[in-house]
Amino acid sequence: MASPMRIRARAEGAVADVRVLMAHEMETGQRKGSDGKVVPAWFIQEVVASHNGKQVMVAQWGPAVSKNPYLQFKVKGAKAGDKIAVTWKDNKGESRTDEAAVA
Amino acid sequence: MSMNRREVLKAGGGAAVYTALASMGFFAANPAMAAWNKAAFETKSIADTLKVLGVSGTANSADVVITSPDIAENGAVVPVGVASKIAKTEMIAVMVEKNPSMMAGMYEFGANAEADISMRVKMGQSSDVYALVKADGKFYMTKKEVKVTLGGCGG
Amino acid sequence: MKKVFITTATLVFLAGCAATGTDYNKMTQDVLKSSFESRHIATVDRLNQDALQAACSEAEMTGKDLDPALRKKLEAAEMASIKYPADGKFFGDWTKAEKTAQSGDGHTWKKLKDGTPNGGNCYNCHQITKKELSYGNIGPSLYQYGKLRGSGDDVVKYTWGKLYNAKAYNACSNMPRMGHKNLLTEQQLKDIMAYLFDPNSPVNKD
Amino acid sequence: MKKHFLFSAAVALCVLGSNAAYAQKSASEQAIDKYRELIADGNPAELYEMEGEELWKKKAGPKNASLEKCDLGLGAGVLKGAYPQLPRYFADAGQVQDLEMRLVHCMKTLQGLDPKVANYNKDDHKKVIALATYVVTQSKGMPLSVPQGHPEEQRMYEIGKRAFFYRAGPMDYSCATCHQADGQRIRLQGLPNLTKNEAAGKAATSWPAYRVSNSQLWPMQQRINDCYRLQRFPFPKFGSDVSVALSVYMGVNGKGVPSQAPTIKR
């Protein structure tokens with residue numbers, strides 16, 4: 001099962017700054033393992049962010065995103081206590097959703 | 001805890017956004033299929049990528065800013081931020097010219113998001129990093145060189 | 001501020017000396033023996049110091065210079081170890097040297113893939129070419145080595161000796177004894193010599 | 001608290017002011033500093049910290065117990081301030097233990113587990129790293145104060161100092177080869193002078209650190225282990241006395257420096 005994300009959201013005036021850390025291998029599919037075989041590609045392809053249930057951003061990622069991805073984005077009009085939710089889905093169909101309150 | 005994509009879309013009331021995005025050509029038209037734009041992640045040159053995304057021409061803009069180090073100590077983690085001050089920015093794409101899969105990420109923004117993201121990408125070698133921005137139907141592009149060095153000891 | 005640091009360091013050393021130093025040395029030996037295990041070619045006998053390693057460890061820990069007579073003796077022994085090329089040719093192929101200079105492979109816990117040569121670790125400590133920005137500074141810059149020094153017989157012979165066994169010239173040098181300890185092959189040393197002296201190599205040309 | 005921060009700021013200024021190498025930083029070094037600044041936020045170590053908290057609080061093992069009663073030196077279950085006072089002598093174990101060893105000790109005694117920690121960054125060792133990350137996070141900013149009251153602690157310091165300067169192996173390297181002078185680098189990697197207070201303290205409290213070069217979180221023992229690999233020494237076993245002795249040496253040299261771990265590094 002996928003590990004939880006770390007989401008920190010902080011209101012700075014009228015905008016909330018959101019920083020997300022995700023636990024994921026992000027295998028490119030081009031690397032050889034210790035057994036000499038190519039490690040199959042395994043990476044997050046989509047990230048969806050929402051604010052109080054309303055989508056604010058949808059991202060598509062390729063295998064070039066670093067392992068244990070870090071993402072920062074900004075949400076307009078988000079106040080302290082508002083809910084920021086992030087969902088990722090990888091190329092194996094696995095997904096994970098976590099939520100945090102704006103501080 | 002984990003939800004599949006469709007549930008999220010339902011829960012978030014995002015179906016309309018999704019359809020809108022699909023019509024923009026960034027997602028596959030068939031919602032039953034993965035929305036991931038495979039073709040855009042398989043291109044081998046900037047020109048090809050623009051073609052796949054249906055971009056006919058781009059303008060330069062000082063309002064698109066790439067934040068990244070001039071030298072990355074390690075290619076496995078290169079911080080790249082892109083911010084667009086152009087009004088009605090709908091999309092930012094981050095590309096690393098010399099990567100085997102040059103498209104690193106594409107971000108679509110709703111009206112309640114600022115066009116300002118940061119991410120971390122892998123870079124196999126020193127390369128130009130491109131930011132492609134779509135705002136009010138027009139495309140803008142800018143680039144910045146990032147040198148990748150070998151960091152520390154051998155062994 | 002600097003002064004404060006020096007004082008602290010001195011006190012630390014004095015405290016160490018005041019205690020029964022020999023006992024601690026013995027204890028250290030015992031701790032080292034119980035702490036390590038052999039892996040591949042890096043076997044536990046590597047923990048055994050030769051006379052030079054022991055003398056330099058002691059000098060560095062106490063902050064006292066080597067006794068001049070001991071230094072002379074140690075350096076003479078190292079000098080005697082230097083083997084000059086049997087065919088009298090000091091210079092190999094400079095185009096092969098960059099790879100050796102970049103690489104830090106070898107001599108450790110894992111077997112290298114067949115055909116992978118040991119690396120020289122040169123850039124870890126030295127600036128060598130203008131192009132490689134990622135270089136260390138523990139050793140002096142070698143950029144424009146031949147251009148600055150010429151290629152007279154003396155400097156060529158000295159440079160070979162320095163690569164082969166740097167301790168012959170400075171007993172407690174930080175530089176490994178590349179030839180004497182079989183860290184690099186004679187051919188690799190020759191290639192590096194060419195790199196340092198050839199006017200067309202990036203060391204001198206760029 | 002305020003006073004404390006003012007003091008560290010003053011120390012930092014003095015160090016910068018007296019360090020000639022700083023003024024001479026090349027464009028490359030400055031660019032690398034910028035890189036480090038950019039990656040400093042969003043340290044994936046935080047993911048391990050969350051995992052470590054779960055492992056700390058979750059009942060496990062034949063004894064079906066959590067680690068919440070683990071005594072890290074300040075009493076059962078006391079986390080805050082424990083890490084900057086490690087390694088220390090533990091009477092119940094009869095030896096000086098660092099954080100990683102102590103966690104294994106608690107897993108054995110409290111939970112009845114026999115964690116397999118011989119393979120660094122694999123199997124159970126990963127759990128130890130997650131736990132260590134959780135523990136160190138509770139002491140961020142607290143001054144390093146490795147105890148020297150017990151004779152065993154003093155003995156480990158003396159052995160650590162000798163091990164630090166011990167040259168051996170085919171390359172004649174000791175720890176001191178890289179870490180006894182100011183302003184030295186391997187490639188572009190700055191090498192802390194571990195004989196000096198500020199640098200030793202920072203180094204002693206930097207681990208676990210997330211290494212971007214291999215996407216692994218490394219605890220102190222693994223850092224020391226890799227130094228020995230590069231020195232071309234044989235392999236230091238998990239929980240080896242040499243590792244603990246070097247940690248004590250660094251920790252005592254770095255007295256008073258605020259704890260930084262977990263950090264992110266090249």
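Here is the naming used below: chain letters follow the sequence lines, and residue numbers restart at 1 for every chain. Side chains are part of it too, since the values below use all heavy atoms of this structure and drop only hydrogens, waters and symmetry mates.
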For this session: Please look at B:V96 and chain A and tell me whether the side chain, the backbone, both or neither of the residue comes under 4.5 angstrom of a heavy atom of that chain.
Result: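 B:V96 has no heavy atom closer than 4.5 Å to chain A.
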
For this session: Pick one of side chain, backbone, both or neither for B:N99, based on which atoms fall under 4.5 Å of a heavy atom in chain A.
Result: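 For B:N99, the contact with chain A is made by the side chain alone.
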
Problem set entry | A:W61 vs B:M103, side-chain contact (heavy atoms from CB on, under 4.5 Å): CA-CA, chis, key distance, verdict | CA-CA 8 Å; A:W61 281 354; B:M103 177 64 77; over 6 Å; no

Exercise. Considering residues, nucleotides and ligands other than B:K85, do more than 12 of their heavy atoms fall under 6.0 Å from its NZ?
Worked result: no

I'd like to verify something: which residue of [options] has the highest number of heavy-atom pairs under 4.5 Å with chain A?
{"options": "B:P100, B:A93, B:A83", "value": "B:P100"}
{"options": "B:A111, B:A104, B:G110", "value": "B:A104"}
{"options": "B:A40, B:P79, B:G105, B:G81", "value": "B:G105"}

Seminar exercise, completed: Closest heavy-atom pair, B:W36 versus A:E46, reported as atoms and distance to 0.1 Å, is N-OE2, 4.2 Å

Problem set entry | B:Y107 versus A:A59, closest heavy-atom pair with distance | CD2-CB, 3.4 Å

Exercise. Taking only residues two or more places apart in sequence, or in another chain, which ones meet B:Y140 in a ring-ring contact (aromatic ring centres under 6.0 Å, His included)?
Worked result: none

For this session: Give the intermediate values and the outcome of side-chain contact (heavy atoms from CB on, under 4.5 Å) for residues B:F41 and A:Q60.
Result: CA-CA 9 Å; B:F41 286 93; A:Q60 296 186 48; 3.9 Å; yes

Problem set entry | Separation of A:M57 CE from B:I92 CD1 (nearest 0.5 Å) | 10.0 Å

Exercise. Hey, what do you get for CG (A:L21) to CZ (B:R120), rounding to the nearest 0.5 Å?
Worked result: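 Rounded to the nearest 0.5 Å, the CG-CZ separation comes to 7.5 Å.
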
Seminar exercise, completed: Against chain B, residues from residues 63-79 of chain A with at least one heavy atom under 4.5 Å, in numeric order, are A:P63, A:A64, A:V65, A:S66, A:K67, A:Y70, A:L71, A:Q72, A:F73, A:K74, A:V75, A:K76

